[in-house]
**Q** 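Submitted below is the structure of interest, expressed as structure tokens.
So that the names make sense, note that chain A is the first sequence line, chain B the second, and so on, each numbered from 1.
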Amino acid sequence: MTARGAGSAGTGARSSRARTGSGAAARVGAAERSGAAARVGAAERSGAAARVGAAERSARSSRADVASRQDSDDGGSVPAPAPPGGPGGRRRHLLSIDDLGAEGIATVLRLSDRFVEVARRSIPKVPALRGRTVASVFAESSTRTRLSFETAARRLSADVISFSPAGSSLAKGESLRDTVETVAAMGVDCFVVRHGCAGVPAQVAGWTGASVVNAGDGWHEHPTQALLDCATIRQVLAERDGLAVDDVGVDGFVGLRVAIVGDVAHSRVARSGILALAALGARVTLVAPGSLLPPSLAGWPVEAVTADLDDVLPETDVCYVLRLQTERGAGAFVPSPREYTAGFGLTVRRAALLPDHAMVLHPGPMVRGVEIAAEVADLPRTVVLRQVANGVAVRMAVLFLLLGAEEVTGDA
Amino acid sequence: MPDRPPAPASAPAPWSKTVVIGGGTVVDETGTRQADVLVRDGRVVAVEEGIDIPGGATVLDAGGCLVAPGLVDLHAHLRQPGAEEAETVESGSRAAVLGGFTAVVAMPNTDPPVDSAAVALEVLALGAAALCRVAVAGAITVGRAGERLAPMGELAALGVRLFTDDGAGVQDGGLMRRALDYARGLGVTLAQHCEDRAIAAGGLMHEGDWSARLGLPGVPAAAEEAMVARDIALVAATGAPMHFLHLSCAGSLSLVAAAKAAGMPVTAEVAPHHLALTDAELAAYDPLFKVNPPLRSAGDVAAVRRACATGTVDAVATDHAPHAAHTKEAPLDEAPSGMLGLQTAWPVALAALHRGDPGLGADGETVPALSVADVIGLLSWRPARIAGLDRASGGDQGGPVVAGAPANLCVLDPAHAWTVEARALASRSGNSPWRGRTLTGAVRHTVVAGEPVVIGGEAQR
């Protein structure tokens, strides 16, 4: 669990943290009066945490193989990462939606509902992660995601270290690995990593003993965005059917017709979203010009791919609009924003093709007038602000599952 | 053709002592036979069964092994001058002889690059003290910038036979055409790193199922194929010979096969990693597996192996590319491309091309197996000819193993299994894609100009 160089101090910290975590978990259960909260404290947490651990183990068996190969070569300068799930060496990460699976996603959604309630309290804070340290390492600019994660960590009473390249050692030429290990040596339990290149969160997971949450890596994945999108869809479905969100589970996703529109090729939001929605049983259709589709869709759980948005909208329950990159000239993937809007923008006319119950999501930041008309962005069915609001609760759930459930699961 | 010196300045002085390589099976282009090999004063003196061991002779046990002409690497990045942190001519040559190579062609993408006689002479001088013969390739364009021709005549006069801007392809087709015309007059061969930069568009791995899933920008096979196609057209236009470096895609090999069938003077090499590793290796985002050309699909791996079996491929060349450890522990978009290859080429080629070991990239594909002799040919006498280091060209490499021949020999154990560990790698860098893995096939001894520089898998200096 400890980063290299942290040594015995880290071990001591771990045992004290384990006690803190246990007490905090008990307090979460005790403070809540409802039975639902008690369920979080016991059954969900144990099931969910175990699930995260298992998923991570299976998803990265090949990575573990690679890691062990690397270690043998480093002449002992890097301690071999403890085997996942091994005694005292459990490391849990959220690098991809695949690390969760359907059951893990459902657990995060249920738990995030509990944390939505926390947010409504006069003091929106629980001591679940007291004594834990979360480091946010954002090597790519992001205000929304970073604030969302840091708010989530603070509401769980974790300490937060914040790090970005501007004015940092990275700007002075220090390597990312050295930077991460330096921060890890300060005693970090979890790195929240955003980077412009795919795979950096996985690399960070290999360099430290801390948990790692992928906060967006290149075109690869942005799992917490997909989770907050699913949480938002679930809320809207529950309200539509007049049910409490607690009671609907994730059955509402089965057969849900989702159209993901726009730049799928360069979208980590799309990759995580497709995996999450498909895992829950939704039927995903991609709508994009050929130049914005990935080079291969082999193995992608999508039902259809089309360039005809008008044809898809009447059969759509959820229209997920992606942001268009606005490079010009030879770097552009479409001739012009105007032509893109004509073919793929969610215009007022097109929005009227959607069924009455359909909702519109967008990961932000929106470019009004390009991928989505300003009028459509302001429609009640467009739930962008709810997505943002759910971000904090979902990230609280993820951090809690990764860091707060150690004693409860019993598999440490 | 202008006069050329008979041998580059890097030829090591012959070793005067007597060596007997006993109990092995001699394999060369002429065939296979049980024989001992007696070496004295840098030359093979006798090749026959039951040679009496002269007093004072060094005896190298070759029981269970193949005694072959030393391997010849057409493609090694020795990093000197400019990146001595990653490799030097000396450390690279040590890795070479431990891998059974008795000669390597040093690539010119050093800093400064080999685009002048001064730099070529520096590398040749370093090579004279190295453990094996070091030939030097020159750059096609000044600074490898792809803008104007490097002084190829000046370099050819020093014995340089291969020219390449490797690390990048010559993007300007007009300039490449002119280079081919000029090279034809010098009697040298141009070697192309085939990569259309605009099509490659900054990709970090092979474009395909894996790049799509991993969210990494891909280099499509078309980036390589387009330049192969262009250059074949230029060979047709100029009549100049052309060597294709590290071909990695099925489409490129089809183009080369067609050009050869049409009688065009083209040759092609493939790298060991393209025989045995696929783009799936990138699944853990480890920059160790970032290489250019990138690791391709399983179908490409099978096609590369088939092209070795059909004769489309003339050589297996390592593209040995050392990089200091810290440069590889970086995000994939910052880490340099390349992997070590000299010490693992023989076992990897043997596993992929002869034994067809499972788990090496082409599972589920049917690929004809090569004989052990054919595998050695791809690593020894065939590349020796392309480099102009064979005896017919006035060189001393590639065999055959007969009395009177220069004693550049390797003794290859096809059955010995070993685990690739950092301490076994002589390179100054550790970026072997095979580290931690067990390979079957080892180099027992290497003899360079009569001197046993590797005995029992240990470098002697």
**Q** How long is the gap from CH2 on Trp210(B) to OG on Ser296(A), to the nearest 0.5 Å?
**A** 11.5 Å

**Q** Go through the atoms of His266(A) and report whether side chain, backbone, both or neither lie under 4.5 Å from a heavy atom of chain B.
**A** neither

**Q** Is any side-chain heavy atom of Leu214(B) closer than 4.5 Å to a side-chain heavy atom of Arg271(A)?
**A** no

**Q** Any chance you could measure Asp333(B), atom CG, to His195(A), atom NE2, to the nearest 0.5 Å?
**A** 6.0 Å

**Q** The test is side chain to side chain contact (heavy atoms under 4.5 Å, CB included); show your working for Arg177(A) and His326(B) and say whether it passes.
**A** CA-CA 9 Å; Arg177(A) 177 171 184 159; His326(B) 67 89; over 6 Å; no

**Q** For Cys197(A) and Leu204(B), work out which heavy atoms get closest and say how close.
**A** SG-CD1, 4.3 Å

**Q** Using heavy-atom distances under 4.5 Å, tell me whether Pro217(B) contacts chain A through its side chain, its backbone, both, or neither.
**A** both

**Q** If we only count heavy atoms from C-beta on, is the Glu329(B) to Ser175(A) side-chain gap below 4.5 Å?
**A** no

**Q** Can you see which heavy atom on Trp219(A) is nearest to which on Gly215(B), and at what distance?
**A** CB-O, 3.3 Å

**Q** So what's closer than 4.5 Å to chain B heavy atoms on Leu297(A): side chain, backbone, both or neither?
**A** neither

**Q** With only heavy atoms counted, which part of Leu282(B) is less than 4.5 Å from chain A, the side chain, the backbone, both or neither?
**A** neither

**Q** For Ala202(A) and Tyr285(B), which heavy atoms make the closest approach, and how far apart are they?
**A** CB-CD1, 4.1 Å

**Q** As an exercise: rank Ser267(A), Pro295(A), Gly218(A) by heavy-atom pairs under 4.5 Å with chain B and give me the winner.
**A** Pro295(A)

**Q** Under a 3.5 Å distance rule, please check whether Gln203(A) uses its side chain to pair with a backbone N or O of Ala330(B) as donor and acceptor.
**A** yes

**Q** Given the options Ala198(A), Gly196(A), Pro294(A), which has more heavy-atom pairs under 4.5 Å with chain B than any of the others?
**A** Ala198(A)

